[in-house]
> 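Let me give you the structure first, and then I'll get to my questions.
Order of the sequence lines sets the chain letters (A, B, ...), proteins ahead of strands, with each chain counted from 1.
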There are 2 protein chains.
Amino acid sequence: MGERQRGPRERMVFSAAQLIRRDGVKATGMREVAAHAGAPRGSLQHYFPGGKEQLVGEAVAWAGRYAGKRIARFVEGLAEPLPSALFAAMVAQWTDEYDRDGFGAGCPVAAATVDCACLGDATREAVAAAFTTWRTPLAEALAGMGVPADRAGSLATLMISTLEGAILLARAERDVRPLTTVVRELGPLLDAAVARPA
Amino acid sequence: MGERQRGPRERMVFSAAQLIRRDGVKATGMREVAAHAGAPRGSLQHYFPGGKEQLVGEAVAWAGRYAGKRIARFVEGLAEPLPSALFAAMVAQWTDEYDRDGFGAGCPVAAATVDCACLGDATREAVAAAFTTWRTPLAEALAGMGVPADRAGSLATLMISTLEGAILLARAERDVRPLTTVVRELGPLLDAAVARPA
DNA sequence: TCGCTACTATGACCACTGTCATAGTCGGCT
DNA sequence: AGCCGACTATGACAGTGGTCATAGTAGCGA
């Protein structure tokens with residue numbers, strides 16, 4: 001992911017997201033985040049006076065924005081503007097990572113959703129907002145491909161749900177097959193939703 | 001779920017699954033499991049000499065068997081033996097729970113998958129096995145409905161992936177809409193896979 | 001140079017975790 | 001009765017967590 005050498009604050013948010021998506025929220029320690037970011041421990045309470053909850057919230061929000069921005073990039077890179085191709089590109093990002101780096105990490109937003117109980121409600125709202133900032137541009141991209149407006153939102157939900165679940169299965173089985181399977185099975189359904197011009 | 005008043009050992013496994021699916025693996029303490037099960041703390045080391053890893057492994061395995069057995073029940077209860085109806089029944093179990101008890105809990109297997117890093121590899125293998133004991137009867141049920149054998153497995157993966165992801169979204173947004181959406185959108189695709197007799 | 005602000009650096013605190021060790025209790029078998 | 005195994009009941013331990021308190025440093029405007 002885009003690890004620009006920005007200030008230590010952004011590095012800590014980025015590191016938090018990395019560690020959360022690998023170990024979960026509860027298992028990720030504040031000290032560990034600082035060490036991973038190469039930042040001093042004292043900076044934690046300076047930049048994040050709200051404590052762990054604030055840090056996790058910002059990491060989740062960062063992940064949501066990242067996913068949302070990726071949608072536009074994917075659409076630009078498509079040979080044909082078909083929903084199935086967009087979905088394939090979204091999934092390919094994960095198969096590539098798993099082939100390259102192993103199955104150690106998942107989606108940070110999913111991790112925060114699963115164990116947001118160890119933090120307050122603010123974390124849960126951050127998770128909900130992250131999914132929204134992901135789904136909204138996805139639905140708009142589908143609409144731009146000719147999917148009727150009333151179905152674009154539903155298909156965006158379906159795509160994100162299926163992707164998240166397939167990531168889960170792939171991590172569990174340490175095999176990218178769930179990811180490739182859902183791309184193959186879901187593709188025709190997605191393309192069938194475009195209003196054919198001809 | 002079927003909380004029969006069996007021995008304290010089974011109660012602890014059941015309680016572990018309950019707490020894990022609500023708070024995650026790392027956030028669930030051994031003492032908390034014992035208290036939730038109404039079992040003495042000393043029984044933990046007696047029944048689970050392998051420690052937390054053993055307890056979590058058995059809880060995950062229990063959840064996998066539970067999900068697998070539910071498939072047969074769902075098939076029996078269907079008015080029409082259609083894949084979409086089976087999927088709707090699987091999802092309805094979650095919408096019912098969320099309508100009734102709130103969005104506090106998710107799938108224990110998913111929770112264990114997300115933060116299995118705090119335990120050894122045995123937990124990860126238990127998670128993979130749990131998904132297998134869930135998908136196998138599901139694929140067989142689809143085959144029994146007329147889905148060709150080579151697609152039954154793929155559709156089972158798709159159904160589980162989509163369900164797990166929709167559970168995730170529903171918990172994040174505290175709304176059952178993702179669940180109902182995927183049922184509506186995925187249903188036609190599932191039914192289209194049955195080899196029509198006529 | 002002073003003084004102020006941003007940031008860094010450590011140490012301490014308390015709560016809590018998983019695990020172990022040691023007794024204690026109860027029931028049934030001989 | 002006597003004994004033994006299964007199970008229960010506590011206490012302690014070492015480790016780690018997040019957070020707070022306090023002090024130190026660097027840069028910069030006046």
> Whole-Å distance between dT17(C) P and Leu19(B) CG?
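That distance rounds to 12 Å.
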> Out of dT19(C), dT8(C), dT19(D), which nucleotide sits closest to the side chain of Lys52(A)?
dT19(D)
> What is the distance, to the nearest angstrom, from the CG atom on Leu55(B) to the P atom on dG18(C)?
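Taking CG of Leu55(B) and P of dG18(C), I get 10 Å after rounding.
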> Distance check needed: dC7(C) C1' versus Phe48(A) CZ, whole Å only.
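The answer, rounded to whole Å, is 14 Å.
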> For the side chain of Gln45(B), starting at C-beta, report the closest nucleotide among dT10(D), dG11(C), dG17(D).
dT10(D)
> In whole angstrom, what separates Glu32(B)'s CD from dA15(C)'s P?
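Roughly 18 Å, once rounded to whole Å.
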> Between Tyr47(A) and Lys26(B), who's closer to the 5' end of DNA chain C by nearest nucleotide?
Tyr47(A)
> Looking only at side-chain atoms of Met30(A), point me to the closest of dT8(C), dT19(C), dT19(D).
dT19(D)
> Apply side-chain hydrogen bond (donor to acceptor under 3.5 Å, both in side chains) to Gln93(A) and Glu97(A), showing your working.
CA-CA 6 Å; Gln93(A) 182 180 17; Glu97(A) 174 183 329; over 6 Å; no
> Can you find an N or O donor on one side and an acceptor on the other, under 3.5 Å apart, linking the side chain of Arg41(A) with the base of dG18(D)?
no
> Does one hydrophobic cluster hold both Ile71(B) and Leu82(B), with members joined at side-chain heavy-atom distances below 4.5 Å?
no
> Give the rounded distance in Å between these two atoms: CZ of Arg31(B) and P of dC13(D).
14 Å
> Between atom NE2 in His46(A) and atom C1' in dT10(C), what is the gap in whole Å?
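Atom-to-atom, His46(A) to dT10(C), this comes out as 17 Å.
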> Tell me whether the count of non-hydrogen atoms from other residues, nucleotides or ligands lying under 6.0 Å of CZ in Arg9(B) goes above 12.
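Yes, because the 6.0 Å sphere around CZ of Arg9(B) holds more than 12 heavy atoms from other groups.
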> Any idea how Tyr66(B) and Trp62(B) line up, ring-wise: parallel (<30°), tilted (30 to 60°), or perpendicular (>60°)?
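It falls in the parallel class, under 30°.
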> Which part of the nucleic acid, if any, lies within reach of Gly42(B) when heavy atoms closer than 4.0 Å are counted: base, sugar-phosphate only, or nothing?
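It contacts base atoms.
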